[in-house]
Every structure is written in structure tokens, then in C-alpha cells.
Amino acid sequence: MELISKFQRICIYTIFLFFVSLAQCSKPGHSNIPFLPFLTGCSEDRDPPCLKLTEIASGFHAPLFLVSPSGDTSRIFVLEQGGKIRLIKNGTLLTSPFLDLGSEGLDLISFSGERGALGLTFHPNYNSNGRFWVNYTRKSDGATVVAEYARSSSDPDLANSGSGSVLFTVNQPFSNHNGGMMAFDTGGYLLVGMGDGGGSGDPNNEAQNLESSLGKILRIDIDNYPTPAPGNRSATGLENPHIWDWGLRNPWRFSLDRGTGDLYIADVGQNDYEELNIEAANTGIKNYGWRLTEGNHCYNPSVGCNTSGISFPKLEYSHFVGSSITGGYVYRGSNFPELSGRYFYGDFVRGKIWSILWDGTKVNGLIEHTSEMGFSSNVASFGEDANGELYVVDYNGKIFRIETR
């Protein structure tokens with residue numbers, strides 16, 4: 001009887017703690033529920049302070065990315081997987097899409113599973129030249145297409161839908177692992193993330209094949225393509241001259257620290273490990289190991305793999321923690337100086353959000369923010385606006401800004 005009574009009390013207290021843990025992480029005077037730092041992981045005097053997510057827009061259909069052109073502080077562009085680019089202007093979501101590549105518009109997109117409109121980036125001088133690029137899987141065969149478009153000459157809130165020009169395409173052997181991320185590096189060259197072509201375990205060994213575009217970060221000279229960008233990996237024979245990094249499984253989201261130029265590459269794992277690779281600005285030419293390695297571990301072969309020349313991740317986590325890493329950004333905004341230098345990232349499947357500090361040698365200050373932010377959905381992406389403020393893109397249709405409490 002006593003054992004049963006103790007068990008009942010433990011159950012009741014556990015349920016109570018669960019609901020308390022859902023409470024806002026705030027100072028005692030700002031909450032009706034007692035502040036319990038040992039539950040939330042966020043104490044009143046923590047550095048950085050407790051964080052929250054502020055919803056800025058909703059009603060999106062499978063949003064995958066958020067970005068603002070350099071210097072444009074009034075517009076935030078949101079990419080939906082189905083092909084629409086939606087525009088948040090001065091805090092209001094506009095009714096008409098900026099551009100529609102999907103079934104209600106140009107009808108160019110294959111949208112299912114991991115296919116769709118996957119990437120969007122603007123020219124560093126977009127405000128003056130109106131040039132931008134989209135990365136999508138083609139309706140006819142699922143191939144990756146990187147295409148350039150132009151802003152409308154008469155309305156800055158609309159693209160010229162007839163201006164599309166294909167920069168390059170890459171055939172995809174399977175429907176998954178299409179990558180999609182694009183960003184300009186500090187030299188003005190376009191970085192394009194390509195997955196290994198899909199299947200399971202990179203069956204065609206694309207990531208280590210230097211003739212293939214798959215399983216790579218490509219670096220493109222947009223004004224002189226197909227002439228390779230200077231500084232790319234030296235290619236001989238049939239090797240691909242546009243390779244910057246290789247040995248990647250599916251670098252779904254990567255970013256450049258706008259303060260240092262360092263490149264953060266979050267690479268989605270196979271069976272056991274997720275990884276984050278960090279490379280110093282303008283270095284590149286690195287083999288990140290896949291399919292020889294998954295994280296810091298041999299994959300194929302499972303033991304005794306040759307790791308000569310492989311750059312290992314700066315951070316990994318096992319599938320006991322999460323199952324699909326979503327890369328984010330280093331905070332360089334001005335609203336919350338306490339967050340400066342923190343890199344935010346998440347896990348799509350588990351809905352977790354973390355931040356770390358990178359000192360150039362090792363990772364420090366790992367914090368999980370999921371509970372204090374009250375987040376419980378799928379982190380499709382993070383985003384960065386023109387001011388360096390950071391956002392969380394919820395695949396279920398909402399956009400949140402990261403803020404301190």
C-alpha cells in the first residue's frame with residue numbers, strides 16, 4: 001500500500017512538472033506559474049538570457065526557407081515547397097506571391113516528398129540589379145534546376161515571371177537528397193548545395209565521385225558560367241571544375257557567418273549521426289567523408305575505412321537525440337547583442353533548437369532552447385533578414401523571430 005501511494009505521488013508530481021515545463025521561461029514577476037530553471041534549463045541569470053519565438057506570419061503551405069536581400073529592411077521573402085515565393089512587407093504578408101513556379105503559376109515544379117522549390121537567393125546587389133536565383137526539382141523528370149529571374153521593372157513586390165533563364169541542371173537518380181541551399185560567398189560566387197542523389201547509403205558513391213555534381217557544395221561564377229570560379233578545386237580530365245567541397249550526404253541548409261565569412265554546413269545523416277561542418281572563410285576544398293564516414297564514424301566500410309584527407313565534423317549528435325539536422329545562422333543582429341556569435345540550428349524530425357559558440361578551434365556553450373521557446377513542430381529552416389535578425393521556419397506554416405524574453 002505504501003509503495004502504491006508513493007508511486008501515485010510520483011506520477012502526479014511528474015505530470016505537474018510536465019505542464020510547468022511548458023510554461024514561459026520568464027522572471028517570477030512575469031508569470032503566474034513558478035519559475036523553475038532546473039526544468040526549463042533557463043535560469044534568470046543565464047548568459048545568454050532566456051529566449052522566445054515571436055510569430056510574425058502564418059498561413060504558409062510547406063514553407064522551406066526565408067531570406068531578405070542585402071540592405072532591404074522592409075521585405076522578407078518566404079519560399080514554399082510548392083513553388084510560391086511569398087512576401088512579408090513591413091510585417092504584413094502580401095496576398096499575391098512574388099513569383100509562382102508551381103501548379104497555379106509557371107507549373108515548373110515537381111512537388112512531393114523531398115522534391116519542390118528548395119532554395120532561393122538574391123544577388124548581393126539585388127537592390128540595384130533585381131537579379132535572384134531559385135533552386136527547384138523539374139516537373140518533367142525531377143532534375144535539379146538552378147535558374148535566374150529578375151524583379152519586375154514596374155513593381156518591386158513582383159518578379160518578372162517571364163525572365164527565367166536556366167543557369168544549370170543536374171540529373172537526379174532518385175527522388176530524395178536534392179539539397180537546394182544557395183548563398184553567395186564573400187567573393188561574390190554562388191554556393192549551391194547538392195545532395196548525393198538519394199537512395200540509401202549513396203548507392204552510386206556520388207559524394208566521392210569528383211566527376212559528379214552530387215554530394216557537393218558547388219561554387220559558380222554566375223556571370224561567366226560554365227567557366228569555373230577561381231579558387232575552386234583543381235580539376236583534371238572529366239572531373240567537375242565547379243566543386244568547392246565534397247563528401248556530403250545532403251547539405252540541406254548551410255550559411256556564411258556575416259561577421260567572419262566562416263561557412264557552416266549542416267549535413268543530414270544516414271542511420272546514426274547528424275553532423276555540422278565548419279570551415280574558415282574562403283578555404284574550402286574539403287572532403288567531408290560521406291559515404292566513407294557518417295559523422296566521426298566509418299560507414300562504408302563499417303570498420304577500417306580510410307580516413308586520409310577527410311575533414312571531420314566539428315559537432316555531431318546521434319539519432320537518440322535527433323534524426324535530421326537543419327542548419328541555421330550565426331546571430332549578427334543588433335537587437336540582442338547577448339546572442340552575438342551564437343550559431344542556431346535545429347532538428348526537423350524531433351523539432352529541437354540549439355545554439356553553440358565556435359571559437360575557431362572548438363564548439364563551446366551548447367544550449368538547447370526548445371523548451372524555453374515553447375517550440376513543438378518541424379524546423380524546416382532558419383532565416384536571416386537584412387538586419388541580421390534570425391527566424392525559425394515552421395514547416396507547418398508559421399514564421400517566428402528569435403528574441404530574448
Side-chain angles (χ1 to χ4, degrees), residues 62 64-65 79-85 99-121 131-149 159 161-183 189-222 225-229 232 235 238-254 267-268 290-291 380-381:
L64 290 184
F65 191 54
L79 178 68
E80 295 181 336
Q81 188 176 358
K84 290 182 180 179
I85 301 175
L99 178 66
D100 188 357
L101 303 171
S103 59
E104 297 178 0
L106 297 175
D107 200 21
L108 301 175
I109 301 290
S110 170
F111 170 29
S112 64
E114 294 182 25
R115 288 177 168 175
L118 305 178
L120 168 67
T121 194
R131 301 172 69 188
F132 68 97
W133 287 260
V134 290
N135 185 323
Y136 62 88
T137 50
R138 188 164 55 197
K139 183 176 182 179
S140 60
D141 59 1
T144 288
V145 176
V146 174
E148 178 179 350
Y149 281 81
S161 61
S163 64
S165 174
V166 174
L167 180 61
F168 68 88
T169 64
V170 177
N171 291 332
Q172 292 285 355
F174 300 95
S175 64
N176 57 335
H177 302 181
N178 300 294
M181 182 66 188
M182 300 185 296
Y189 298 106
L190 180 64
L191 300 179
V192 181
M194 297 295 305
D196 65 8
S200 178
D202 192 5
N204 298 327
N205 201 23
E206 301 281 7
Q208 292 297 320
N209 179 359
L210 295 174
E211 296 180 8
S212 172
S213 293
L214 300 173
K216 313 292 191 300
I217 300 290
L218 304 178
R219 185 167 172 264
I220 306 297
D221 184 340
I222 54 169
Y225 184 84
T227 300
N232 283 359
L238 297 177
E239 290 179 349
N240 188 329
H242 305 294
I243 293 174
W244 183 246
D245 293 317
W246 68 102
L248 295 159
R249 182 176 178 273
N250 193 26
W252 167 240
R253 291 292 177 247
F254 61 79
D267 194 18
V268 179
W290 176 252
R291 70 180 186 183
S381 187

### Message
Please list all pairs meeting side-chain hydrogen bond (donor to acceptor under 3.5 Å, both in side chains) that have one or both residues in residues 105-118, counting only residues at least two apart or in different chains.
### Response
Asp107-Lys139
### Verdict with reasoning, Asp221 to Thr227, per side chain to side chain contact (heavy atoms under 4.5 Å, CB included)
CA-CA 7 Å; Asp221 184 340; Thr227 300; 5.8 Å; no
### Message
Return the CD to CH2 distance between Glu239 and Trp246, rounded to the nearest 0.5 Å.
### Response
9.0 Å
### Query
Closest approach of Pro173 and Gly197, non-hydrogen atoms and distance?
CG-O, 3.6 Å
### Message
Within the 4.5 Å heavy-atom criterion, are Leu118 and Asn178 side-chain neighbours or not?
### Response
yes
## Note on the structure
For Gly198 and Pro203, the nearest pair of non-hydrogen atoms, with its separation, is O-CD, 3.4 Å
### Task
Evaluate the criterion side chain to side chain contact (heavy atoms under 4.5 Å, CB included) for residue pair Met182 and Leu191; output intermediate values, then yes/no.
CA-CA 5 Å; Met182 300 185 296; Leu191 300 179; over 6 Å; no
### Task
Go through the structure and list residues passing side-chain hydrogen bond (donor to acceptor under 3.5 Å, both in side chains) with Ser200, not counting sequence neighbours.
Gln270
### Task
Over all heavy atoms of both residues, which pair between Ala235 and Pro241 is shortest? Give the atoms and the distance, please.
CB-CA, 3.8 Å
### Task
Identify the two heavy atoms, one from Ala117 and one from Gly83, that lie closest to each other, and give their separation to 0.1 Å.
CB-CA, 3.8 Å
### Task
Would you please name every residue forming a side-chain contact (heavy atoms from CB on, under 4.5 Å) with Glu104, sequence neighbours left out?
Lys84, Asp100
### Summary
Sorted by chain and number, sequence neighbours left out, ring-ring contact (aromatic ring centres under 6.0 Å, His included) with His177 holds for none
### Message
My understanding is that only residues two or more places apart in sequence, or in another chain, count here; which of them pass side-chain hydrogen bond (donor to acceptor under 3.5 Å, both in side chains) with Asn209?
### Response
none
### Message
With heavy-atom distances below 4.5 Å as the criterion, would you say the side chains of Ile222 and Tyr189 are in contact?
### Response
no
### Query
Is there side-chain contact between Ile217 and Leu248, with heavy atoms separated by less than 4.5 Å?
yes
### Message
To check you understand the geometry: which heavy-atom pair defines the closest contact between Gly247 and Asp267, and what is its length?
### Response
O-OD2, 4.4 Å
### Task
Could you list the residues that satisfy side-chain hydrogen bond (donor to acceptor under 3.5 Å, both in side chains) with Trp244, not counting sequence neighbours?
Glu279
### Query
Heavy-atom distance under 4.5 Å between the side chains of Ser103 and Ile109, does that happen here?
no
### Message
I'd like to know if the side chain of Trp252 and the backbone of Ala380 have a donor-acceptor N/O pair within less than 3.5 Å.
### Response
yes
### Message
Check whether Thr169 reaches the backbone of Val145 with its side chain - one donor and one acceptor, N or O, closer than 3.5 Å.
### Response
no
### Task
Quick one: list whatever passes side-chain hydrogen bond (donor to acceptor under 3.5 Å, both in side chains) with Thr144, sequence neighbours left out.
Gln172
### Summary
d(Glu148 CD, Leu190 CG) to nearest 0.5 Å is 10.0 Å
### For Asn240, side-chain contact (heavy atoms from CB on, under 4.5 Å) partners two or more places apart
Ser213, Leu218, His242, Ile243
### Message
Whether the side chain of Asn135 engages the backbone of Val192 through a donor-acceptor N/O pair (distance < 3.5 Å, no angle test) should be reported.
### Response
no
### Query
Are Thr121 and Phe132 side-chain neighbours, meaning at least one heavy-atom pair lies under 4.5 Å?
no
### Query
Does some side-chain heavy atom of Phe111 sit less than 4.5 Å from a side-chain heavy atom of Thr137?
no
### Query
Side chains of Phe65 and Arg253: does their closest heavy-atom pair fall under 4.5 Å?
yes
### Query
Could you give all pairs that pass the salt bridge (charged side-chain N to carboxylate O under 4.0 Å, His left out) test and reach residues 200-218, with sequence neighbours left out?
none
#### Entry: Exam field: side chain Asn250 to backbone Val268, donor-acceptor pair closer than 3.5 Å
no
#### Entry: Side-chain (Asp196) to main-chain (Asn205) donor-acceptor, under 3.5 angstrom
no
### Query
Do the non-hydrogen side-chain atoms of Leu108 and Tyr136 ever get within less than 4.5 Å of each other?
yes
### Task
With sequence neighbours left out, write down each residue that passes salt bridge (charged side-chain N to carboxylate O under 4.0 Å, His left out) with Arg249, or none if nothing qualifies.
none
### Task
Just jot down the ring-ring contact (aromatic ring centres under 6.0 Å, His included) partners of Phe174, sequence neighbours excluded, or say none.
none
### Task
Enter the distance from Tyr149:OH to Trp133:CH2 here, rounded to the nearest 0.5 Å.
13.0 Å
